[in-house]
Amino acid sequence: MSLPSVEDVRAEVKAWLEENWDPELKVGEWWDILARSGYAQPMFPEDCWGKGWPRDLSMAVSETIAEHGAVGPPAGLGYLLAAPTIVAHGNERQHREDLFRILSGQDAWCQLFSEPGAGSDLASLGTRAVKDGDEWIVNGQKVWTSTAKQCNVGMLIARTDVDLPKHKGITYFRFDMTQPGVEIRPLREMTGRAMFNEVFIDNARVHDSDMIGGLNNGWAAANTTLMAERTGLGTGGSGGAGNAFPGPIAGQLDDRVGDHVGQIRTGGTGGGGAAAANRMMKLAQELGRSGEKPIRQKLAQLYTLQQIGRFSALRAKHASQRTGGEPNIAKLMMSDLLRLQREVGNEIIGANGMIMGPATPGHGIVQEVTLFSPGPSIYGGTDQVQRNILGERVLGLPKEPGPAKETPFKELLVNG
Ligand SMILES: Cc1cc2nc3c(=O)[nH]c(=O)nc-3n(C[C@H](O)[C@H](O)[C@H](O)COP(=O)(O)OP(=O)(O)OC[C@H]3O[C@@H](n4cnc5c(N)ncnc54)[C@H](O)[C@@H]3O)c2cc1C
């Protein structure tokens, strides 16, 4: 298949938007049109509601949507994480139905991976799914589940066979969060918000047909999700000039879509991402501090790191240029970027950093970044875990000591 040029794609999308974008539509109606057009995620194959285009053409689509002042595809973890997992591991029905529900914003997904005893060592998870006819009965506890309160569906990984080694007895499910037996308790963070939640699962049910990637193959599917998370962190959101939160619980599907233009959701990154250096430069200028050498140097460092991070993330998405470990490196760089942004920002605003609220210099963005900055070093696998992966899988260093890989899960020590 011959690919169009970037210029052709821009012209094609512009013409399409002139015909189809209407700020008077409802959010749900607009997302439906966008998903059917193939522009919601052009990198997906054509039989998965995409166009099979590479990264640069896909970026041209989201830039053109943004330039037109239209709203981009749905925000959230369904689009970022569940969708690529379904593309890679889902069956035909899941591609046709579940994927479409994500791209058209009908479902909002959360990630039910971490547990109180299974974070970095995710394969130690203890949530059990036990077969009952053509369904599974699920019991366990998940934690740090971002946006669970707003989500009607979860990416659940649960243990389906304790006789197999820990990585092999796990299955990945599309899990209904609205059913009886699912209790969501918010956890307040130091940002003052409660994005996190604990999720208690007590005799909840999931059907066989909601398995993604097949029985006991959940580790492979979970790794696809984690890779998407690590790669996605480097480049940030889904594009478009604005966004809204998908799914029936957030209640935005019936909003006038034009009212969501300009409302970029950061997904909790608290102001990190590609605009970091520009934002800090503007702040330094506003406060008359951009001429100070220490601040100029840090701003230059921030800009440089941001550009390197951007190019690394782009390289990570081009299969032909991969040497291994790019998503892990991209994620490490994102964590560094946010920490540096925190330092520069606090140097610029000085003692104002102690005051919270939009009425402070920079409208509170530095304080936001400061309080959120530890997050990216932890979610999607901590910095230490990224380095372990790079050491073991890319550099070929010896593996960490531990029980034999083939030891059945039920014979492992707790957290062993
Ligand atoms: C903002 C945010 C959002 C999140 N959202 C979600 C979500 O939506 N869904 C979800 O499932 N989870 C989510 N998480 C949870 C996240 O994935 C876990 O916190 C993370 O995997 C670490 O697990 P843990 O907290 O249990 O820490 P632990 O695994 O207990 O780690 C504690 C410390 O030990 C270090 N450590 C652990 N093992 C090793 C090792 N082998 N070598 C060297 N150092 C090691 C770690 O780096 C860390 O510093 C989120 C976390 C954050 C911060």
Side-chain angles (χ1 to χ4, degrees), residues 75-82 85 108-127 140-151 153-158 166-167 170 172-173 175 177 182 184-201 218-219 221-230 232-233 245 265-273 328 331-332 334-335 338-339 368-393 397-403 414-416:
L77 299 184
Y79 182 88
L80 188 68
L81 307 183
T85 309
W109 289 61
C110 60
Q111 185 188 20
L112 297 166
F113 279 21
S114 304
E115 297 182 2
S120 299
D121 185 11
L122 186 59
S124 290
L125 63 91
T127 294
Q141 188 202 334
K142 298 288 175 177
V143 71
W144 315 128
T145 317
S146 307
T147 68
K149 274 258 173 223
Q150 290 83 42
C151 293
V153 185
M155 297 161 244
L156 172 73
I157 48 175
K166 65 179 182 178
H167 293 92
I170 295 171
Y172 196 122
F173 294 100
F175 181 73
M177 296 288 289
V182 179
I184 304 167
R185 293 189 202 157
L187 292 167
R188 193 155 302 279
E189 304 133 36
M190 66 178 174
T191 57
R193 289 186 292 267
M195 178 186 75
F196 283 146
N197 301 270
E198 293 177 292
V199 178
F200 295 87
I201 306 174
W219 190 243
N223 269 294
T224 302
T225 306
L226 290 173
M227 277 303 162
E229 189 168 6
R230 288 161 194 168
L233 292 171
F245 199 84
R265 281 184 46 84
T266 60
T269 56
N328 313 87
K331 192 187 172 247
L332 282 167
M334 176 67 190
S335 304
L338 210 59
R339 278 192 289 264
E368 275 278 321
V369 169
T370 303
L371 294 177
F372 191 76
S373 60
S377 309
I378 301 172
Y379 60 73
T382 66
D383 286 1
Q384 291 76 18
V385 165
Q386 306 305 323
R387 292 196 176 95
N388 278 353
I389 294 172
L390 288 168
E392 291 177 14
R393 296 194 207 151
L397 297 174
K399 287 202 178 302
E400 284 195 35
V414 176
N415 290 336

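All ligand and atom numbering here is 1-based and tracks the order in the structure. For reference, positions follow the sequence shown, starting with 1.
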Can you tell me the protein heavy atom closest to [atom] and the distance?
atom                    : answer
atom 24 (P) of ligand 1 : Gly119 CA, 3.9 Å
atom 44 (N) of ligand 1 : Gln384 CB, 3.5 Å
atom 51 (C) of ligand 1 : Tyr379 CB, 3.4 Å
atom 42 (N) of ligand 1 : Asn388 ND2, 3.0 Å
atom 19 (O) of ligand 1 : Ile378 CG2, 3.3 Å

Spatial distance of atom CD (Gln111) from atom CD1 (Ile157) [nearest 0.5 Å]: 8.0 Å
Does some non-hydrogen atom of the protein lie less than 4.0 angstrom from [atom]?
atom                    : answer
atom 10 (C) of ligand 1 : yes
atom 49 (O) of ligand 1 : yes
atom 22 (C) of ligand 1 : yes
atom 35 (C) of ligand 1 : no

Side chain of [X], backbone of [Y]: donor and acceptor closer than 3.5 Å?
X      : Y      : value
Lys142 : Phe113 : yes
Ser335 : Pro376 : yes
Asp121 : Gly119 : no
Lys331 : Gly381 : yes
Gln386 : Gly380 : yes
Arg188 : Gly192 : yes

Could you check whether Thr85 and Thr225, counting side-chain N and O atoms only, form a donor-acceptor pair closer than 3.5 Å? yes
Ignoring hydrogens and angles, state whether a donor on the side chain of Thr127 or Glu115 is under 3.5 Å from an acceptor on the partner side chain. yes
How would you list, by chain and number, every residue that makes a salt bridge (Lys or Arg N to Asp or Glu O under 4.0 Å) with Glu189, sequence neighbours excluded? none
Give the atoms of ligand 1, by number and element, whose distance to some non-hydrogen atom of [X] is under 4.0 Å.
X      : result
Glu400 : 40 (C), 41 (N), 42 (N)
Thr382 : 22 (C), 46 (C), 47 (O)
Phe113 : 11 (O)

Do any nitrogen or oxygen atoms of [X] lie less than 3.5 angstrom from nitrogen or oxygen atoms of ligand 1?
X      : answer
Ser146 : yes
Thr145 : no
Ser114 : yes

By side chain to side chain contact (heavy atoms under 4.5 Å, CB included), Ser120 pairs with (sequence neighbours left out) Thr382, Val385
Looking at ligand 1, does Val385 have a heavy atom less than 4.0 Å from it? no
Flag if over 12 foreign heavy atoms under 6.0 Å of CH2, Trp219: yes
Out of Ser120, Gly154, Gly117, Gly391, indicate the one that has the non-hydrogen atom closest to atom 31 (O) of ligand 1. Ser120
As a check for students: among Trp109, Phe372, Trp144, identify the option with a heavy atom nearest to atom 6 (C) of ligand 1. Trp144
Is Thr147 touching ligand 1 with its side chain, its backbone, both, or neither, if touching means heavy atoms under 4.0 Å apart? neither
